[in-house]
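Below is one structure, written out as structure tokens, with a few remarks after it.
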2 protein chains.
Amino acid sequence: MADFSIGELAKRTLTKVETIRYYERIGLLPEPARTEGNYRSYDRAQLGRLSFIRRARDLGFSIDQVRELLDLADQRDRSCEAVDVIARQHLAEVERKIADLTALRVELSDVLGGCQRGTVADCRIIETLAPAPA
Amino acid sequence: MADFSIGELAKRTLTKVETIRYYERIGLLPEPARTEGNYRSYDRAQLGRLSFIRRARDLGFSIDQVRELLDLADQRDRSCEAVDVIARQHLAEVERKIADLTALRVELSDVLGGCQRGTVADCRIIETLAPAPA
DNA sequence: CTTGACCCTGTAGTGACAACAGGGTCCATA
DNA sequence: TATGGACCCTGTTGTCACTACAGGGTCAAG
């Protein structure tokens, strides 16, 4: 049912082949099936899992955080309180990041607007994310 | 005018002292003034700059991307086209990240909702970010 | 049956910090 | 005034998350 090689998987997820093997070594991806010639063989599930990992990493989550998020999906047999605590923490972080990115988007739009009008926009990019959360 | 030490700056930006010195070494932060005893002395501008750097890093931007964003704020004398191209690219990336995080937020909310009702939610966390952008 | 693209298992190098080591500064208190 | 603890200085080394070889095996095409 449409299995594919590590190179194929790498291409589809915009990931380096070495990175996929690295994720396998640290246990983030399960050991895949092997072909007769000892080549790794992946399926759709692995593709989904790796896509998720890569995009979560791109969003600034650490490997350990990605592991937790994957566990939320994998181990649904865990205690409800544990799931709740972890999901709640990640939700708070996600919402904070959305807020920061939204502010940054406004500033980038302003820069573009100023540029299109041929004027020098009063650039407040730094101020956007500047005030320390403390 | 309320200058402060590296330790103070570290506390206010939730950054390690060593990280601040590292940013100075690679030219992301300008060399600060020094006190009589050769201690680094920072002001509000540096505080803002460092806060921006830390939060941009947390949002998954690389050091080089942060450098570009800072340049958008610093070098407003650059050509309009260059600014436009760079700002446009970052805007696209920011919007993509917001979309991903928004999808993730929905899934985390669902996990919490299911948990509160004491049932096991049909967890689609992975599927949320799964389909390869290809 | 060879050649080039791909795969394998190592090990070593890089980017972005984090953690010492060995020493100097500062200042509140004895 | 001196001394102890908190903080600072400049190195150098360690860690995390990849990334890039090195040296060799697999495989479909010609």
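Numbers restart at 1 for each chain; the letters A, B, ... are given by sequence-line order, proteins then strands.
Among the atoms of the strands shown, none is found under 4.0 Å from any heavy atom of Thr35(B).
In this structure, Lys97(B) satisfies the cation-pi test against Phe61(B), with its NZ or CZ atom closer than 6.0 Å to the six-membered ring centre and inside 45 degrees of the ring normal.
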Reading nucleotides 9-21 of chain C from the 5' end, what letters show protein touch, with B for base, S for backbone sugar-phosphate only, - for no heavy atom under 4.0 Å? B------BBSB--
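A search for side chain to side chain donor-acceptor pair (under 3.5 Å) contacts involving Thr15(A) returns Thr13(A), not counting sequence neighbours. Every side chain to side chain donor-acceptor pair (under 3.5 Å) that Arg96(B) has, sequence neighbours left out, goes to Asp58(A). For Arg67(A), the side-chain contact (heavy atoms from CB on, under 4.5 Å) criterion is met by Ile26(A), Leu28(A), Ile63(A), Asp64(A), not counting sequence neighbours. Partners of Glu8(A) according to the salt bridge (Lys or Arg N to Asp or Glu O under 4.0 Å) rule, which considers only residues two or more places apart in sequence or in another chain, are Arg12(A). The side-chain contact (heavy atoms from CB on, under 4.5 Å) check on Tyr42(B) picks up Phe4(B), Ile6(B), Leu9(B), Ile20(B), Glu24(B), Pro32(B), Arg40(B), Gln46(B), with sequence neighbours excluded. Here Tyr23(B) pairs with Arg54(B) under the side chain to side chain donor-acceptor pair (under 3.5 Å) rule; sequence neighbours left out. In terms of the salt bridge (Lys or Arg N to Asp or Glu O under 4.0 Å) criterion, Glu18(A) has no residue partners (sequence neighbours excluded).
Nucleotides of DNA chain D with any atom under 4.0 Å from a heavy atom of chain A span, from 5' to 3', dA17(D) to dC27(D).
The separation between Ile20(A) atom CD1 and dC6(C) atom C1' is 14 Å, rounded to whole Å.
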